[in-house]
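Inspection log for the structure reproduced underneath, given as structure tokens.
Protein chains get the first letters and strands the later ones, always in sequence-line order, with residue 1 at the start of each. Just the heavy atoms: all of them, side chains too, but no hydrogens, waters or symmetry mates, feed the values below. Please read these numbers as outputs of a predicted model, since none were measured by experiment.
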Amino acid sequence: MAQPVPGDLSPVEAQLLRLADDEYVLAERYTEWQIYAPTPEADLALANIAQDEFGHARLWFDLLQDEFGYEEADLLWERDPGNFLHSPLVELETPDGDWADTVVRSYLYDVAERLRLDALADSSFDPLADRVRKVQSEEGYHREHAQSWLDRLTGGGGDAHQRVQSAVDRLFPHALTLFAPTANEDEIVAAGVRTRSLADVRADWLDEVVQYLESLDVVVPDPSAVTRPDEVGRDGSHTGDWAALHEEFTATYRELGFDDPATLRSENA
Amino acid sequence: MIWEVFRQEEAGDRHTHCGNVHAPDREMALLFAQIQHGRRMQTNSLWVAPSDEIGEVDADETEFGGTTDKSYRWAITYNQIDASFAEEVAESEAEQEEAAEKRGDV
């Protein structure tokens, strides 16, 4: 089976890949905080969230394998980096040691995630709808986690507040790509794979995100005035940060040398 | 700030001390405790309490149970019957006997 190619997917495949790739790549970025997070408690909480997101990615990748005949290697280890459909928001490198960046990204993403899961709960594709509920129950913690941190980072003013503002300024334009369409967006809605259009979901997201962030004295850029990045992810276009991350998470797969696999207690081990 | 964490396995069970978390306030303590103490063990409920708010008295400061023979206090009213018909009576007797033995009263 060939690997998925952005312009050549059924509506269900495109929707599943958007979901799976977002979750997988974000989890990769979260994982980079291991042993570096501000406190052991913060470390464990974020590691747990990363595990949740990997678990969700697994649900969607499994469906792509079960229903569309892909192999795991087609979907992850051997897929061309230009055939991934995640939003660039989740692939951006974290500025060195900037916890506020991770918290803001998580907040912007997790609100969008809740809204999109709501829009998939009544999907015409039953296996997708069935799995949405499992995911929804774990996502509540993620939003609470992000908002609890945001409340505290902005509450004391000073440097932390400024870092949150900088992260919002930097990430917001990329967050808008969460709602960028794949090639067959119209079919996705027409076939009832998702019951709401991306434009509707985006409008709700904006209302919620702007209202909350402004309540923390954080200024949210005007979406219509924002300079849009060229890379929108959903068509396979990605920022420069993606190539390095892709290289890194596929490194072990390549190094293992599957043509000549090592087995325990054998010559190659 | 350190928060002591108490975990209840099932509804109706006692909350048992299981460790602590560092957190700036109660809300964050609850958030962290869920992961640190409620993720791997069966958990129905968690309590958190500021470490500073917990009072302690230990065996260096007091003689728990006193120093004299208190076996007359045992709740053994009917010596000739099998107490197993009432679990709580049997348990209470066993507990008191064990405590008395540990103190060296018997």
Does any part of the side chain of [Y], heavy atoms only, come nearer than 4.5 Å to the side chain of [X], both counted from C-beta?
{"X": "B:Met28", "Y": "A:His145", "answer": "no"}
{"X": "B:Gln34", "Y": "A:Asn48", "answer": "no"}
{"X": "A:Leu44", "Y": "B:Gln36", "answer": "yes"}

Taken in chain and number order and not counting sequence neighbours, the residues that satisfy side-chain hydrogen bond (donor to acceptor under 3.5 Å, both in side chains) with A:Tyr141 are none
How about [X]: does its [atom1] atom have over 12 heavy atoms from other parts shown lying under 6.0 Å from it?
{"X": "A:Asp66", "atom1": "CG", "value": "yes"}
{"X": "A:Arg58", "atom1": "CZ", "value": "no"}
{"X": "B:Gln42", "atom1": "CD", "value": "yes"}

Exercise. Is the backbone of B:His22 close enough, under 3.5 Å, to the side chain of A:Glu41 for a donor and an acceptor to pair up by distance?
Worked result: yes
To the nearest 0.5 Å, atom CD1 of B:Ile35 lies from atom CG of A:Asp52 at 7.0 Å
In terms of heavy-atom pairs under 4.5 Å with chain B, the winner among A:Ala47, A:Ala45, A:Pro40 is A:Ala45
